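Keep in mind the model is a prediction, meaning the values are calculated, not measured.
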Amino acid sequence: MSDDVWKRDEIQSPCIKICVVHPEARICTGCYRSIDEIRDWSKMTNDERAEIMDDLPARASKLAKRRGGRGARLKRS
C-alpha cells in the first residue's frame, strides 16, 4: 500500500504557532506573513508561496522592538 496520496508536493506554511499580529506593521510576529497571506495560503500556487517565502526574512526588520517595554514607558511619566 502506498502513502503517495498523503504526500503533497507543495511549500509548507512558515507558521511557528506564535500568532500575534504586530499592531503597526500588520504582519504576524511569528511567521512574518500578512493576515491576507495567512488566510489565502491554502489557495495559493507554489510559485506564489515561494515568492512570499523569499520575502519573509526582509520583513523581520519591519518589526521594531520596543526598548524596555511597559516599565520603561512608566518611568518616563
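At a threshold of 4.0 Å, the pair Glu37-Arg49 does not count as salt-bridged, since none of the basic side-chain nitrogens sits closer than that to a carboxylate oxygen.
When the side chains of ILVMFWY residues are joined at heavy-atom separations under 4.5 Å, either directly or via intervening members, Ile38 and Ile11 end up in two distinct hydrophobic clusters.
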Please step through side-chain contact (heavy atoms from CB on, under 4.5 Å) for the pair Ile52 and Trp41, ending with a clear verdict. CA-CA 10 Å; Ile52 292 168; Trp41 190 260; 4.0 Å; yes
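For Arg33, the side chain to side chain donor-acceptor pair (under 3.5 Å) test picks out Ser13, with sequence neighbours left out. Partners of Lys43 under the salt bridge (Lys or Arg N to Asp or Glu O under 4.0 Å) rule, at least two apart in sequence or in another chain, are Asp40. Applying the salt bridge (Lys or Arg N to Asp or Glu O under 4.0 Å) test to Asp54 and every residue at least two apart in sequence or in another chain returns nothing.
Glu51 places no side-chain N or O within donor-acceptor distance of the main-chain N or O of Glu48, the cut-off being under 3.5 Å. Formation of a donor-acceptor pair under 3.5 Å by the Thr29 side chain with backbone atoms of Val20 is found in this model.
Within the 4.5 Å cutoff, the side chain of Ile35 has heavy atoms near those of the Val21 side chain. Side-chain contact between Pro14 and Met53 is present, with heavy atoms from C-beta onward closer than 4.5 Å.
Scanning both residues, Cys15 and Cys19, for their nearest heavy atoms gives SG-SG, 4.3 Å.
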